[in-house]
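The structure appears below as structure tokens.
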Amino acid sequence: MHLGMHRCIVVFVVSTTGDGDPPDTAQKFVRKIKNKSLPHNHFFHLHYALLALGDTNYANFCNGGKTIDSRLQQLGAKHFYATGHADDGTGLEVVVDPWIEGLWDALKKTFSSMATSDQQDTDLSDCTQDNFHKNASGQEKNKSDLEVDLHLLKLSETDSQKGKAITSDSIDVETLSTVLAASLKQSVPPLSESALNVPALPASYLEVCLEQVSTEGETVPSDKDSYHEVSISKAVQLTQDDAVKTAISLELDISEQNLAYQPGDAFDILCPNRASEVKELLLRLDLQTQKNGAVQVNLLKNSSKKAAKIPLHIPQNGSLQFILTWCLEIRSAPKKAFVRALADFTQNSSEKRRLLELCSKDGSADYNSFVRDANVCLLDLLRAFPSCLPPLSLLFEHLPKLQPRAYSAASSSLQHPGKVNFVFNVVEFPARPEHPARTGLCTGWLAGHVSSILRPLGTVPASEQSGLILVHVRPRPSSTFHLPADPSVPVVMVGPGTGVAPFIGFLQQREKEREANQEATFGEMWLFFGCRHKDKDFLFREELERFAHNGTLSNLIVCFSRDEPDAAGTVNRPTYVQHNLSLHAKNVASILLKDKGSLYVCGDAKNMAKDVNDTLLEIIGNELQIDKLDAMKTVAGLREEKRYLQDIWS
Ligand SMILES: *[C@@H]1O[C@H](CO)[C@@H](O)[C@H](O)[C@H]1NC(C)=O
Ligand SMILES: *[C@@H]1O[C@H](CO)[C@@H](O)[C@H](O)[C@H]1NC(C)=O
Ligand SMILES: *[C@@H]1O[C@H](CO)[C@@H](O)[C@H](O)[C@H]1NC(C)=O
Ligand SMILES: *[C@@H]1O[C@H](CO)[C@@H](O)[C@H](O)[C@H]1NC(C)=O
Ligand SMILES: *[C@@H]1O[C@H](CO)[C@@H](O)[C@H](O)[C@H]1NC(C)=O
Ligand SMILES: *[C@@H]1O[C@H](CO)[C@@H](O)[C@H](O)[C@H]1NC(C)=O
Ligand SMILES: *[C@@H]1O[C@H](CO)[C@@H](O)[C@H](O)[C@H]1NC(C)=O
Ligand SMILES: *[C@@H]1O[C@H](CO)[C@@H](O)[C@H](O)[C@H]1NC(C)=O
Ligand SMILES: CC(=O)N[C@H]1CO[C@H](CO)[C@@H](O)[C@@H]1O
């Protein structure tokens, strides 16, 4: 029995039925609390609020709630908030709305007074066990940061007095849970009540003027000299429409620019920010009428910032719209220093407080979950904090440079002279409380940009495609991720998903070399590929099978992570590339250790490349019968000799 060591907080919402009775779902509960053998302090630990629903057109107004309320009092329970009696005769909302409004503050006060009491007092873990029916309708609420279980008792069902439903749905039950859980806009105790360790306000150092000269029509990226504007000659969707991710391959015509590359090299693609987001930002900052103004940036003479410099990526005299479109990364999650600076341009004190929390040491966990991990951008913050109105100079001081995205070439210029291919998945960020659904900055933009020429796999374009769709690219410095100089050296390639891209280039190159030089000896080529479903996202399937058929590819080893096991229902069948790699441990070890071959890994760094790495250690350890430390040394040796190469991303 709980004798005051624990405290529980409960909110009751109780309707009335029949002749002033509690609703059916509450009958059992009422019977239980009416039991005369209960001690007078049975509910001593209970702090509650109660909203009674009824109708003054009937006798015994709100009696269901009143019955429960008075019995709880007899058993030692305490109100933390005054009981509300709502009348459907005059409109429930007249009482319900203000009652709910006031409930939040009352809950916050109660929770924080509990947080400041001693530890034992706040241990509410067993509140629910024997004193209450957990729920009357399956509503179990999430725990707040305080580890407080709030059990919402919905004791209302139908008001048969009126033959009309008065369910607790007429009360915004969902709001209750969102207030108790922290969100981007809202904190909960203890953070909302604590003193904050806020970082120092970053010194401002830029002065921005907008000259009213029209610079309309400017569309070239800032360091335009290094980029080439090339046309997209082909766009093919490589996945079926029902695949989890959409993979697209683009062919760029680089013949006029004479850009040379080797399979394994990559290109930078510069994508602009979304026009709609730039427009909303301009509107939000009240700058839409000045979007064509020429921007002049100067250093503040009196700034306390040391070694302040005008950011090189902001071109002088560029139009405001151009700079927001092509030069600044407006999608990145604002850093804490930026959030700190934004707080000083926020009028509303509760919004300002929340921004200070988010950048404070104390609010780190909230920053991580509601800003960083939620992929929140400046615009999301400005939406969430309507009274925040930063000057343009602050944006220029804090928004990073819009960076190009790198894509590995998925082609060989031997097979496609004057062309280069790229493959990418359209990145999708689902809707969250912090922001609407959206696609990745570059992949989503590219997908939209080519939509008029995008065609499904295996179809032929109706006519020669026009060169009107342009994109800014530049070759990245040549890497070491190349085929061995000696074609007789065998290679193992591991590239699930779009990680297969550079290997398509390798294989096209090798195919051409084989055709050109039939006498020469060519080393074996093994490819470990993986995807979800054989029929949905097996990228380059036809081309890979062709390579395998005519011997360019010695072994094509594919696994499917989400396909149902076949009728035989093989237990523990391989699902990821590293499993198939293990199955072929002998061959892999022999290629690497005996034949001095090379291992190439391309794709996701966090999971795949790490798992492949671990598998490689195992394979080498087992093969050479050496311990883990020596296996690590051997792998490190392969790395040094550039025989274990990675092209990975996160
Ligand atoms: C009252 O509670 C006691 C002890 O929990 C139980 O034995 C008894 O059956 C209950 N009485 C009624 C009427 O439910
Ligand atoms: C209480 O909730 C559970 C699910 O959490 C549900 O199965 C059960 O039916 C609910 N009890 C009542 C009385 O509604
Ligand atoms: C409770 O909240 C946590 C974090 O906010 C979340 O991961 C979890 O899914 C939630 N649980 C329920 C039952 O809603
Ligand atoms: C710098 O000078 C500007 C006016 O030119 C003034 O508004 C600002 O407060 C000064 N800043 C500091 C840090 O003194
Ligand atoms: C910017 O424009 C102003 C006049 O509008 C001119 O004096 C200045 O040289 C220009 N600066 C650059 C870097 O083009
Ligand atoms: C301040 O902001 C909060 C949260 O956005 C809002 O609920 C409140 O009404 C605002 N206060 C004023 C005075 O605008
Ligand atoms: C492989 O097959 C393709 C088409 O079927 C052909 O163009 C190519 O020459 C063949 N390569 C070799 C090395 O046989
Ligand atoms: C691979 O493993 C080695 C040794 O354990 C480690 O040093 C290296 O960082 C790992 N690389 C990757 C990509 O996981
Ligand atoms: C060659 C080989 O062993 N391939 C296996 C790779 O994994 C799949 C399952 O995803 C098996 O079906 C293959 O036999």
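Just follow the structure's listing: the first ligand is 1, and inside any ligand the first atom is 1.
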Atoms in ligand 9 with a heavy atom of [X] nearer than 4.0 Å:
{"X": "F560", "answer": "10 (O)"}
{"X": "L583", "answer": "3 (O)"}
{"X": "I557", "answer": "1 (C), 2 (C), 4 (N)"}
{"X": "V558", "answer": "6 (C), 7 (O), 8 (C)"}

- Message: Quick test of your reading of the structure: of E351, R354, K352, whose heavy atom lies closest to atom 5 (O) of ligand 6?
- Response: E351
- Query: Y48 and F80: aromatic ring centres closer than 6.0 Å?
  - Reply: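 No - the distance between ring centres of Y48 and F80 does not fall below the 6.0 Å cut-off.
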Any carboxylate oxygen within less than 4.0 angstrom of a Lys/Arg side-chain nitrogen, looking at [X] and [Y]?
{"X": "E351", "Y": "R354", "value": "no"}
{"X": "R432", "Y": "D373", "value": "no"}
{"X": "E542", "Y": "R546", "value": "no"}
{"X": "E280", "Y": "R383", "value": "yes"}
{"X": "D614", "Y": "K610", "value": "yes"}
{"X": "E277", "Y": "R331", "value": "yes"}

- Check whether any protein heavy atom sits under 4.0 Å from atom 7 (O) of ligand 1. no
- Message: I'd like to check atom 14 (O) of ligand 1 in this structure: does the protein have a heavy atom lying under 4.0 Å from it?
- Response: yes
- N/O to N/O below 3.5 Å, does that happen between N580 and ligand 9?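 Yes; at least one N/O pair falls below 3.5 Å.
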- Query: Relative to the heavy atoms of S350, which atoms of ligand 6 are at a distance of less than 4.0 Å?
  - Reply: 1 (C), 2 (O), 3 (C)
- Could you tell me which atoms of ligand 6, counted from 1 in the order shown, lie closer than 4.0 angstrom to a heavy atom of N348? 1 (C), 2 (O), 3 (C), 8 (C), 10 (C), 11 (N), 12 (C), 14 (O)
- Query: For atom 2 (O) of ligand 1, what's the nearest protein heavy atom and its distance?
  - Reply: N35 ND2, 2.2 Å
- Task: Using distance alone, with no hydrogens and no angle criterion, decide if W526 and E524 have a side-chain donor and acceptor under 3.5 Å apart.
- Result: yes
- Item | R284 (side chain) donor-acceptor with L382 (main chain) under 3.5 angstrom |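 Pair found, side chain donor or acceptor close to backbone of L382.
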- Note on the structure: Under 4.0 Å from one or more heavy atoms of S37, ligand 1 contributes atoms 1 (C), 2 (O), 3 (C)
- Where on N555 is there a heavy atom closer than 4.0 Å to ligand 9, on the side chain, on the backbone, on both, or on neither? neither
- Message: Under 4.0 Å, heavy-atom basis, I'd like to know which part of H584 is in contact with ligand 9: side chain, backbone, both or neither.
- Response: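 Under 4.0 Å from ligand 9, H584 contributes side-chain atoms alone.
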